[in-house]
Amino acid sequence: MRKRRGLALLAAALLTVPLAAAPARADESFPFRDPNLPLQARIDDLVGRLTIDEKLSLLHQYQPAIPRLGIAVFKSGTEALHGVAWSNDYDAGGAKIDATATVFPQAVGLASTWDPALIGRVGSAVGDEARGLHAQDPTVWGLNLWAPVVNLLRDPRWGRNEEGYSEDPLLSGAIATAYGRGLQGDDPDRLKTAPTLKHYAAYNNETLRDRTSSNVPQRVLNEYDRKTFEIPLRNDAATGVMASYNLINGRPATVDPDLAGLVRGWSDQRLFNVTDAWAPTNLTGSQGYFATQAEANAAVVKAGLDSFTVNDANGAPTVEALRQALDQGLLTEAQVDTAVGNALSIRFRLGEFDPDGGPYAGIPASVVDSPAHRRLAREAAAEAMVLLKNSGGALPLKAGGSVAVAGPLGDTIYTDWYGGQLPYQVTALDGLSARGPASYSAGADRIALKDVATGRYVTAADPDAVAATATATTAESAAQFDSVDWGDGVSTLRNAANGKYLGYNWGPFVTHETAPTGWFVQQQFKVEDQGDGTVVLHYAGYETQESWFGSNTYVTVGADGKLGLGASTAAGAARFAKEILADGVTAAAAAARKADTAVVVVGTNPFVAGREAHDRTGLSLGARQEALIEAVRAANPHTVVVLQSSYPEAINWAQQHVPGIVWTTHAGAETGNALADVLYGDVNPSGKLTQTWYRSTADLPADLNQYDIIKTKQTYQYSSAKPLYPFGHGLSYTDFRYGSLRVADGRVSLTVTNTGRRAGDEVVQLYTHQRTSRDAVATEQLKGFQKVHLAAGQSKVVTFSLTPRDLARWDVTRQRWVTETSVYDVLVGSSSADIRQRASLPVRGETIPARDLSKTTRAETFDDYSGARLLDESKASGTVVAGDWIAFEDAALRGGRTLTVRASGAGSVQVRVGSPTGRLLGTATVGDTGGIYSYADVTAPLSAASGRQDVYLVLSSGLRLASFSIR
């Protein structure tokens with residue numbers, strides 16, 4: 001979710017109910033204030049006391065005060081993905097307010113602990129800090145938290161990879177459950193905070209995210225994308241979901257009927273579902289799905305969303321559109337009452353209307369960044385680290401030796417868009433320096449850029465008053481920049497004189513920021529070699545990718561020397577001579593040569609070359625960072641690479657040549673202490689990767705926007721590529737032996753022994769594989785995991801539950817879950833590729849019968865397809881198919897002579913057997929139905945066919961097929 005700033009000011013005159021921070025005194029004898037009454041009775045009493053205007057006002061993100069009832073302002077949506085991050089101030093029109101609070105590792109790092117108990121403690125700490133900040137300012141720090149993100153990490157190029165947990169639905173669901181329960185607290189009736197799962201559903205691409213449709217066949221939708229939301233909701237670990245920006249099978253997720261139906265059915269609690277920021281206006285804007293906002297808002301409520309996140313703090317446009325929807329009969333007051341009741345339900349559960357504020361009301365502000373939370377942050381950061389490689393006893397390091405730290409992340413800590421401000425920071429250099437003598441080389445090249453046309457250097461001069469200009473006569477310190485390549489060809493330029501980054505700032509170019517930041521991140525450049533000894537600066541701020549920005553993205557130099565954007569191609573750009581004043585790679589290698597150990601800290605900047613609204617194009621480190629690793633390794637054989645990144649990186653050379661490699665995500669203020677704990681062996685690493693690390697983009701679909709993981713063979717479940725590091729991979733400083741498997745009575749058990757000389761934690765992973773099936777099945781599928789602590793020489797029996805229900809998958813032919821009769825391989829190991837023990841489990845389940853196409857068959861239940869697009873049957877519900885062909889395999893044909901199709905548009909449906917070009921049985925031609933949502937039933941004669949055959953429907957363009965039958 002993001003906030004647009006400055007687009008709308010508070011229009012108090014238009015609001016039917018005024019905003020007010022402090023409500024007037026009201027009658028406290030109202031039944032809704034009696035905590036002894038059932039929740040539903042309290043909700044009904046309060047809703048019954050509201051006027052229609054008051055009800056409508058409560059459907060905006062900023063629920064205004066209702067003084068006559070003593071009801072205060074309530075704001076949904078404090079961001080708390082890995083610590084309380086930020087919220088918005090309605091008094092300032094919704095301006096973003098950053099929290100200074102404990103920052104835990106990024107979500108993908110938290111999940112790499114594979115430790116629900118630890119994640120529950122982290123969630124509890126974040127919930128406490130949310131309450132502590134709420135105690136300071138309840139109008140800014142609301143208790144409805146927009147976290148966790150449970151979208152699956154099926155493709156590591158996704159810009160929001162850092163926000164998710166895993167590519168596996170079971171693991172993601174388990175981590176989300178632990179974090180959500182921690183946020184909620186352990187009171188059976190009252191909530192510490194109210195977590196919201198983001199973003200429902202099938203959302204993994206940022207480019208044109210509000211206009212692209214995720215094409216998700218039924219099996220993938222049910223087994224994969226929905227499952228990760230279902231798990232925490234069934235475990236009562238969330239109070240609602242946020243709808244995603246994208247379309248799902250042709251329908252905007254903001255009006256997905258799942259929100260009112262399927263999603264609510266997963267929980268026995270009343271859910272409060274919200275839109276993403278500005279998504280309601282996308283329905284009439286970028287998506288063009290409805291003609292008026294009244295129609296759009298009515299559809300949002302009827303689809304099952306209870307809160308409109310739009311127009312910043314100004315609820316007037318939402319209220320007005322909803323009022324129009326009521327007046328036009330598009331919405332009923334009963335439907336409004338349902339949504340309002342949902343919105344109020346979490347306020348009751350948070351204790352807001354209880355006389356004492358509920359059991360969590362007394363949590364003080366002092367919990368924020370408390371010593372206990374600092375210790376927990378250090379523990380979580382250490383447990384999240386993954387030992388990727390350790391050859392020749394490279395790790396742990398021996399105390400007392402000298403260390404040369406190198407790399408752009410060696411002496412800084414970055415936060416991200418969904419992280420709070422750091423109260424303090426311990427860098428890698430800080431942590432390692434505390435253990436012994438340490439030096440530091442950033443590894444960045446210090447450069448000067450001389451305008452070829454004038455011979456003048458680009459200089460920052462006074463960063464607070466003067467634009468960057470090409471006016472310096474010499475390469476003085478203000479004309480020197482440290483260049484770091486962050487991958488995808490994108491670099492940052494940090495001024496040597498003032499330590500601030502060159503950025504656009506909507507013109508002119510300035511050096512204002514101490515780190516790349518902001519929604520559009522305007523401190524990004526591509527320094528493009530022109531092959532003649534000169535370079536041009538290609539500005540790469542994120543706003544350049546917006547349709548409204550314009551074509552001029554290349555830097556030019558004006559007559560006054562000021563830098564500007566005056567060219568659309570390199571041909572018209574200013575040419576600069578790039579002078580290397582200090583070779584950072586060479587300097588780092590020289591320092592490494594003098595030390596006992598070299599620690600190279602490389603990786604990503606969470607704001608640069610990929611983030612929310614911007615996907616990555618590749619998987620590689622920046623070229624100069626790769627060169628840094630190679631040079632330092634050549635200078636010092638005892639080199640350890642610490643990869644700090646929000647994403648998997650294709651570090652193929654390092655894996656082959658560097659003896660020790662540790663991965664950590666951006667892990668918060670305690671990063672340096674935690675890293676030292678791991679590198680020196682105070683903490684035995686136990687983290688495991690939660691997604692596959694591929695060797696290159698060649699192992700991924702060419703198009704990121706491919707959601708059918710079965711057909712395109714994505715994730716560890718279906719990929720045939722040999723990964724750089726497999727799902728579940730992570731090494732230890734000790735070794736573990738796995739005893740024989742025992743599979744009986746719905747349980748899988750084995751003995752795990754620590755055969756090494758030091759204590760350690762092992763994540764024991766249970767996978768299954770179905771040997772025979774009607775359909776394509778996963779090579780492996782995670783069915784359970786346990787993290788066990790073992791002292792040196794200690795053994796423990798690890799037991800998993802595994803029942804036939806756990807082996808169920810989605811049967812498209814009958815639209816339900818099924819466990820097939822088959823032999824199932826039971827696989828237990830240390831990763832998906834390191835299976836230590838195997839057993840077989842015969843299961844007597846069902847045999848999926850041959851398809852009976854004489855019954856009306858939904859087109860979306862196909863088995864295979866080519867070029868098929870799944871689209872909306874109507875704006876309210878249903879899915880149809882358009883495209884090349886769809887296949888219905890193993891159909892029992894009984895000589896049917898008539899084809900009946902239900903379709904819209906105009907075109908034809910051919911019925912063929914055996915293949916898309918096989919024997920033609922007949923063709924149904926559909927005349928123009930008058931619109932894509934106007935359907936007609938058309939029949940056509942068929943040649944007789946019998947026996948069990950694969951039936952193919954070949955669709956002409958312009959036709960949308962809803963269902964068919966062959967009788």
Side-chain angles (χ1 to χ4, degrees), residues 7-8 10-19 44 47-64 66 76 210 243 245 247-248 250-261 264 272-344 871-878 904 929-935:
L7 296 180
L10 185 63
L14 297 178
L15 282 172
T16 55
V17 180
L19 287 169
D44 290 345
V47 172
R49 295 179 186 278
L50 299 172
T51 68
I52 187 60
D53 291 334
E54 290 168 341
K55 292 175 184 177
L56 295 180
S57 75
L58 297 179
L59 297 183
H60 188 258
Q61 180 189 11
Y62 289 83
Q63 300 176 23
I66 304 175
S76 67
D210 58 327
Y245 281 119
L247 294 84
I248 304 171
R251 180 180 296 104
T254 309
V255 290
D256 187 343
D258 280 3
L259 299 164
R264 294 190 187 276
F272 173 58
N273 297 333
V274 304
T275 78
D276 210 333
W278 295 89
T281 51
N282 288 345
L283 291 167
T284 53
S286 60
Q287 293 166 343
Y289 205 66
F290 295 100
T292 68
Q293 202 61 47
E295 294 174 88
N297 283 16
V300 168
V301 172
K302 289 189 286 189
L305 291 176
D306 313 305
S307 183
F308 289 75
T309 311
V310 67
N311 299 117
D312 297 319
N314 181 12
T318 294
V319 170
E320 177 60 25
L322 288 168
R323 167 61 76 180
Q324 292 173 7
L326 283 168
D327 292 344
Q328 295 168 23
L330 303 172
L331 196 62
T332 67
E333 188 167 356
Q335 291 167 326
V336 170
D337 287 352
T338 297
V340 171
N342 294 335
L344 290 171
L871 300 168
D872 52 334
E873 184 172 6
S874 71
K875 290 185 177 181
S877 63
S904 68
T929 64
I932 60 174
Y933 301 127
S934 298
Y935 291 86

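We count residues from 1, following the sequence as given.
At least one side-chain heavy atom of L322 sits under 4.5 Å from a side-chain heavy atom of V301. Within the 4.5 Å cutoff, side-chain heavy atoms of N342 are placed close to those of R264. Annotation: side chain of N282 is not in contact with side chain of Y289 (no heavy-atom distance under 4.5 Å). Using a 4.5 Å heavy-atom threshold, the side chains of V255 and K875 count as separate. Counting only heavy atoms from C-beta outward, the side chains of R323 and L56 approach each other to under 4.5 Å. F272 places a side-chain heavy atom less than 4.5 Å from the side chain of V274.
Between G878 and R251, the shortest heavy-atom contact is O-NH2, 2.7 Å. Closest approach of A294 and A325 over heavy atoms only: O-CB, 3.6 Å. Residue G304 comes nearest to N273 through the heavy atom pair O-ND2, 3.2 Å, listed as atom of the first residue, atom of the second, then distance. Minimum interatomic distance between A253 and A243 (heavy atoms only, all atoms of both residues): O-CB, 3.7 Å. Residues A343 and D306 come closest through the heavy atom pair CB-O, 4.2 Å. Shown here for L58 and P64, the closest heavy-atom pair between the two residues is CD2-O, 4.2 Å.
Rounding to the nearest 0.5 angstrom, the gap separating the CG atom in N311 from the CD atom in Q61 is 10.5 Å. To the nearest 0.5 Å, atoms CD (E54) and CD (Q63) are separated by 12.5 Å. Going from atom OH of Y245 over to atom OG1 of T254 covers 9.0 Å, rounded to the nearest 0.5 Å. The CD atom of Q287 sits 9.5 Å away from the OG1 atom of T281 when rounded to the nearest 0.5 Å. We find the CG-CG distance between L259 and L305 to be 5.0 Å, quoted to the nearest 0.5 Å. One distance of note links CG of N297 with CG of L59; it measures 9.5 Å at 0.5 Å rounding.
Side-chain atoms of T275 come within 3.5 Å of backbone N or O of T309 as a donor-acceptor pair. With S904 contributing its side chain and Y933 its backbone, the two residues share no donor-acceptor pair below 3.5 Å. Put simply, the side chain of H60 gets close to the backbone of V310: a donor and an acceptor are under 3.5 Å apart.
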Ignoring hydrogens and angles, write down the donor-acceptor pairs under 3.5 Å from the side chains of residues 330-337, residues two or more places apart or on other chains.
unit_1 : atom_1 : unit_2 : atom_2 : d
T332   : OG1    : Q335   : N      : 3.1
T332   : OG1    : Q335   : OE1    : 3.3
E333   : OE2    : K55    : NZ     : 2.8
Q335   : OE1    : T332   : N      : 2.9
D337   : OD1    : K55    : NZ     : 2.8

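By the salt bridge (charged side-chain N to carboxylate O under 4.0 Å, His left out) test, D256 is found to be paired with no residue, residues two or more places apart in sequence or in another chain being considered.
With 3.5 Å as the limit, one finds no donor-acceptor pair spanning the side chains of D312 and Y62.
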